[in-house]
Every structure is written in structure tokens, then in C-alpha cells.
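Report on the following structure.
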Amino acid sequence: MNNLKFMRLIIGCLVLVAIVKYFFSPSSSKDTSHKTHQILQSNTFWANQHIPKLNLVHNQEDPVKKEHTDNTEVQPEKKEKIKSNQEEPEPEIPDDTHTDPLKIVHFDLKGAAPKVKYFEQIFPLLSSLGANGILLEYEDMFPYEGELSILKSSFAYSPEDIEEIKSLAKRHKLELIPLVQVFGHMEFVLKHEKYFKLREVETFPNSLNSLAQGSMDLVQDMLTQVMKKHPEAKWFHIGADEVRGLGESEDSKLWLQANSGDIGKLFLNHVTAVGRFMTKLNRGIKLILWDDMLRKVSSDTVKESGLQDIASPMIWKYIPNMDVKEIGSYIHKYEQAGFKGVWFASAFKGASGIAQKWTPINHHLKNHLQWQKVIASMPQYKSVRFHGIALTGWQRYEHHTVLCELLPVAIPSLAVCLQTLKYGSFDAKAQSEAQRFLGCQVELSKNECKGASFPGSDVYEMVQKINNKLESSVQKIMQNYHVKGSFSKYHRKHNFANPRNLAFFKNDLKKLMDEWDSFLLTFRQSMEAIFYPDTLEEWLEENVNEHIERLHGMVLDVERIIKLNGQPKGDPPKKR
């Protein structure tokens with residue numbers, strides 16, 4: 001019995017020693033580690049099945065790889081890949097982000113672009129007036145990098161400025177929509193000799209030759225850089241209006257010969273390709289394009305292109321007596337083409353004259369009253385949704401034309417138009433609310449806002465004075481009896497005048513010059529608080545300098561000729 005117990009004890013000890021030796025043996029640890037490594041490297045590891053791959057067309061380059069090598073910020077495409085690895089669905093923006101149509105204020109930055117601190121002042125006003133979005137048409141104000149840096153203005157916004165504008169918009173609940181032209185109105189790009197070869201018409205910088213080698217690379221690079229700065233954007237406007245000269249390049253003529261002369265299809269091929277590229281950059285993005293080029297294209301041709309599945313047309317018309325039935329025919333056509341939604345575009349400034357200085361409020365009010373009728377008619381279109389309206393504020397008719405009204409000058413018009421959209425008409429309630437936010441009395445009959453106190457109202461009032469009085473005050477003194485009779489161009493040319501006659505108007509002339517000089521010094525300071533130096537220089541050159549230089553020249557001539565004591569006329573300087 002005792003022997004049996006002893007044997008059991010020995011056997012138990014041996015088993016215990018074997019177990020301890022097995023678990024603490026180095027060779028056992030290495031084997032286990034090696035097996036684990038083999039499992040992780042196996043092609044059948046489940047995680048590998050969830051790594052997404054880009055479905056690229058043959059020979060197409062991954063758009064993310066086209067970024068500049070010195071760029072360290074994560075692209076939208078890369079962000080989607082990371083989320084896919086984490087087994088999260090790719091982000092998509094729901095169609096019902098806004099239950100009501102948007103009221104978007106358009107900022108045309110191809111001229112008189114405001115400084116960021118002015119946006120800080122007016123964004124709260126826009127929100128109070130009923131706007132819930134802004135459309136930024138960047139043009140040369142975007143901080144393009146790398147090969148595209150040639151495109152940006154000397155006063156282009158910095159990346160930090162863009163972030164500040166985005167932050168301000170978010171703070172005031174304003175949906176920010178970037179706009180980048182991709183076909184027509186590409187003067188700011190095609191004016192550069194580097195891109196002459198991409199013009200549709202060799203001698204004009206208006207439109208892109210979409211078939212030229214390098215055109216799509218250019219557009220994709222532009223869009224990628226802007227989209228990189230706006231990864232949170234729900235909407236993106238690709239322009240595509242007024243493609244002047246489309247079909248005139250040799251590339252286009254050859255294509256048209258092979259495709260039954262279908263210029264509508266030529267247009268659609270490019271904008272659809274651009275749209276598909278954008279949806280690859282950001283699956284959730286919703287695209288907008290101006291509608292004028294679509295008006296001549298058949299619904300069937302649009303359907304064949306597939307554009308209706310990736311974009312919405314923005315129907316634009318800026319005239320006071322807009323034909324509502326005509327707009328209705330466009331809506332019906334786009335509904336037939338399969339578009340799921342439409343946008344409208346009115347104008348609160350910059351659409352009443354190519355060199356307009358003073359905004360005609362009544363002109364734009366009438367335009368909005370007509371648009372209000374169109375908006376009211378939308379329930380009859382069962383399969384197309386009204387996304388919103390953009391109140392455009394054009395600063396130039398195109399890149400190479402003069403400035404239209406400055407933004408502060410058009411703020412009363414913008415307020416009137418926004419309130420009209422809010423209340424359906426510019427009735428007493430709408431007028432009262434507009435006046436409360438502007439701090440002034442709106443007088444439609446005079447197209448003015450008296451006693452204004454909105455941001456930029458000092459510029460508003462000074463431009464009004466320049467517009468109403470500068471030229472007329474100079475003309476008035478030129479009509480003075482003694483100026484007309486004793487100080488003509490002939491007298492000044494030959495230094496021939498009676499000092500007694502000049503004395504009758506000399507002091508008034510000098511006083512007028514001093515008053516305008518002092519006024520314009522203050523005007524410069526107010527303008528510099530809102531705009532960059534190039535805007536001030538251009539506006540003064542176009543609207544002020546001619547009259548002020550005339551005054552200064554007259555004062556100098558009066559002072560010089562008086563000193564001659566009425567001596568005989570001299571010969572004018574001989575031309576060499």
C-alpha cells in the first residue's frame with residue numbers, strides 16, 4: 001500500500017516537471033511565434049478582403065497620385081480608403097441636408113475681392129437677412145500651388161485665409177459652395193502663355209479646348225487643389241457657362257466630323273468627364289453647373305451622357321422683365337432629361353451694365369419678383385426638386401473687362417432681394433426688416449439707402465458722392481463765364497490770358513480741388529479697409545483720376561499763367 005502511494009507520488013512529480021518544462025521551454029515559444037507570423041502573413045487573412053481598390057479606366061492615373069509630392073495633407077480619396085479599412089461606410093451627403101431650398105449669396109472674386117475681415121463683418125448680416133449659403137467663385141484668388149501657382153493673383157487669399165472664411169461661414173450657418181470654371185470663362189488660366197496651346201480659339205483666352213492633350217490634367221489639378229481645401233463641401237459648382245468658340249479648334253472640327261457635328265455631345269463629354277472625376281475625389285459631392293449651354297441640347301442627348309445623374313443645372317436670368325414661361329420650359333426640359341433637381345440664379349448686382357458704378361435696386365427687385373413666380377410654380381414639376389437660388393453679384397462681365405459696382409454699394413440691393421425671397425414680395429414688412437438690418441431708409445424711387453450704417457456704408461456713401469458730384473462739379477466750373485471766355489484750351493496751350501479774368505475763378509477752382517483731394521484721402525482709407533491695393537488703383541483710374549487730374553492741371557496752369565502778367569502769347573512746344 002505504501003509502495004503504491006510512493007509510486008503515484010513519483011509519477012505525479014514527473015508529470016508536473018514535464019508540464020513546467022513544456023510551458024517555459026524557449027524552443028516552444030519560438031515555434032508559437034513563427035506560427036502566429038505565418039497566419040498574419042497568409043493571403044487568406046480576413047482583413048485583406050476589406051481593402052478597397054480603385055477601379056480606374058485603362059491607363060488612367062490615380063487622381064490622388066497626381067498631387068504634388070511636397071503635399072502632406074490627406075486627400076479626400078485617401079480619407080475614404082482609411083475609413084474603408086476601419087470597416088466604416090464611405091461618407092455620403094444625404095439629399096435632405098436642408099429641408100428648405102438654399103438662398104446662396106454669390107461672391108465673384110475675379111475683381112474687387114474683399115479682404116477676409118470684411119467677410120467677418122458681412123456674414124452675420126447675410127445670415128440675418130435670410131441667406132443660408134455663399135457661393136465663392138475663386139478665379140485667381142485661390143492659393144494655387146506647384147505648377148498652378150502662376151494662376152493666382154498677387155493678392156490671392158492664403159491657405160489660412162481660406163480656413164478663416166470657412167470658419168466664418170460655419171459660425172454663421174452659411175453653406176459654403178466653391179466655384180471653379182472648367183470649360184468657358186477660363187481667361188484667368190488661358191491668358192498665360194504656358195496654356196495658350198489649350199485654347200479652343202488660338203487667339204482668344206475664353207474657352208478650353210477639351211480635346212487638347214493636357215486640358216483634362218489641368219482641370220483635374222485645379223479641382224483637386226480646391227477640393228483639398230474644401231473636403232467638407234456638400235456642393236461644388238463647376239461653372240461651364242458661355243463656352244465661346246466651342247467647335248472651332250482643329251481638334252474639335254475633326255471630332256465633329258466623326259460625330260455627326262453634334263456640338264452638344266462635345267460639350268457634354270467634357271463636363272460629364274469632369275463630373276465623374278469629382279465624384280471620385282469625393283463620393284458624397286453634389287455638382288452644379290450653369291445651364292445656358294444645356295438649353296440647346298436635346299433631352300435625349302443629355303440622358304445619353306449621364307450628366308443628369310451627377311449634377312444639377314443652375315438656370316440663370318438677370319433681367320427685370322424675365323419671361324417666366326421661358327424659364328418653365330427649361331425646367332420641363334431638364335425634368336425630361338432626368339435631372340433630379342434644379343437651381344436658379346438671380347442677380348443683386350453686376351448685371352445691369354458692364355461699367356455700372358451705382359446699383360439700380362429696382363432693376364434687381366423686379367428680377368427677384370419674377371423668380372418668385374417661378375419658385376411658386378415648382379410644385380407642378382413632380383420629379384425634379386428645387387434645390388435653391390443663388391443671388392449672383394458679378395464683379396466683372398469677364399476677366400478682362402472693367403469692374404462693376406463694388407460690393408458695399410450693392411448691399412442695400414442684396415438686402416431688398418433677400419427679403420423679397422423671404423416674404424414673397426417687397427411689402428411693408430419686408431422693407432421694414434431690410435431697413436432695420438441696414439440701418440437706413442430704403443428709397444426705391446431713388447435707388448438709394450439714406451442714412452446707412454451697415455458694414456461698408458462709408459464706402460457706399462462716398463461712391464454715391466463721387467458718382468453724383470465729381471464729374472458734374474468739374475463740368476460746372478468749366479462752364480464758368482471767365483473759364484469759358486479766358487481760360488480755354490487754346491489760352492492754356494499758348495500761355496495767353498488776362499490775370500484779372502483768371503482771378504475771378506482761381507480761388508473757387510483751388511477750393512474745389514482741395515475739397516476733392518481731402519475727400520479722396522478719406523475714401524482711400526475706407527477702401528483699403530475692405531479691398532486690396534489693386535482694386536483701389538483700378539477703381540480710381542476708371543472713375544476718379546480723369547476728373548481729379550483735370551482739376552490739378554487747371555490749377556497749375558492758372559498759377560503759371562497769372563505769373564506771366566498778360567504777356568503776348570507764346571508758341572506751343574515744338575513736336576520732335
Side-chain angles (χ1 to χ4, degrees), residues 102-138 141-142 153 155-178 348-350 358-359 361 364 390-395 403-419 422 433-442 448-466 522-536 539:
L102 289 165
K103 297 183 186 71
I104 306 291
V105 177
H106 167 246
F107 292 100
D108 177 20
L109 303 180
K110 62 177 169 278
K115 293 181 177 178
V116 175
K117 61 183 179 181
Y118 188 61
F119 284 132
E120 185 176 359
Q121 297 174 51
I122 62 170
F123 278 10
L125 176 63
L126 301 185
S127 186
S128 298
L129 288 167
N132 50 16
I134 56 173
L135 178 62
L136 283 184
E137 183 162 357
Y138 275 117
M141 286 300 291
F142 185 81
S153 160
F155 300 98
Y157 297 135
S158 67
E160 293 74 23
D161 289 336
I162 301 294
E163 291 304 312
E164 180 63 17
I165 293 170
K166 287 164 53 179
S167 176
L168 290 169
K170 185 176 181 180
R171 187 185 311 163
H172 298 289
K173 296 181 172 57
L174 297 169
E175 186 85 33
L176 195 157
I177 303 175
F348 72 91
K349 85 174 195 73
W358 192 251
T359 308
I361 301 175
H364 299 292
L391 293 82
T392 62
W394 299 104
Q395 198 54 73
L403 293 171
C404 302
E405 315 98 287
L406 297 170
L407 180 57
V409 172
I411 293 295
S413 174
L414 176 57
V416 168
C417 295
L418 280 170
Q419 290 300 296
K422 180 177 180 179
E433 192 163 329
Q435 291 177 163
R436 180 166 63 88
F437 288 120
L438 294 174
C440 69
Q441 184 71 30
V442 176
E448 66 179 26
C449 190
K450 296 187 68 174
S453 61
F454 55 84
S457 58
D458 51 346
V459 169
Y460 174 88
E461 291 176 342
M462 284 188 278
V463 168
Q464 184 179 33
K465 181 175 179 178
I466 292 170
T522 304
F523 177 70
R524 280 178 171 274
Q525 294 169 347
S526 295
M527 285 285 286
E528 287 170 352
I530 298 175
F531 299 110
Y532 296 97
D534 59 335
T535 298
L536 176 59
W539 201 89

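Any value given below was found using the heavy atoms of this structure, including those in side chains, with hydrogens, waters and symmetry copies removed.
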Side-chain donor/acceptor of [X] to backbone N/O of [Y], under 3.5 Å:
X: Ser526; Y: Val459; answer: no
X: Tyr460; Y: Cys449; answer: yes
X: Lys170; Y: Leu176; answer: no
X: Ser457; Y: Phe454; answer: yes
X: Asn132; Y: Lys103; answer: yes
X: Lys349; Y: Trp394; answer: yes
X: Glu448; Y: Val442; answer: no
X: Ser167; Y: Glu163; answer: no
X: Thr359; Y: Ser413; answer: no
X: Glu405; Y: Gly350; answer: yes

Below 4.5 Å, heavy atoms only, C-beta onward: do [X] and [Y] meet side chain to side chain?
X: Asp108; Y: Thr392; value: no
X: Ile530; Y: Leu407; value: no
X: Val416; Y: His364; value: no
X: Val105; Y: Phe348; value: yes
X: Phe531; Y: Leu406; value: yes
X: Phe155; Y: Thr535; value: no

In terms of side-chain geometry, is the basic nitrogen of Glu120 or Lys117 positioned less than 4.0 Å from the acidic oxygen of its partner?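 A salt bridge is absent here (no side-chain N lies under 4.0 Å from a carboxylate O).
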Do the ring planes of Phe123 and His172 sit parallel (below 30°), tilted (30 to 60°) or perpendicular (above 60°)?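 It falls in the perpendicular class, over 60°.
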Pair Leu414, Leu126 - check side chain to side chain contact (heavy atoms under 4.5 Å, CB included), show working. CA-CA 9 Å; Leu414 176 57; Leu126 301 185; 3.5 Å; yes
Yes or no on side chain to side chain contact (heavy atoms under 4.5 Å, CB included) for Phe107 and Ile165, after CA distance, side-chain angles and deciding distance? CA-CA 12 Å; Phe107 292 100; Ile165 293 170; over 6 Å; no
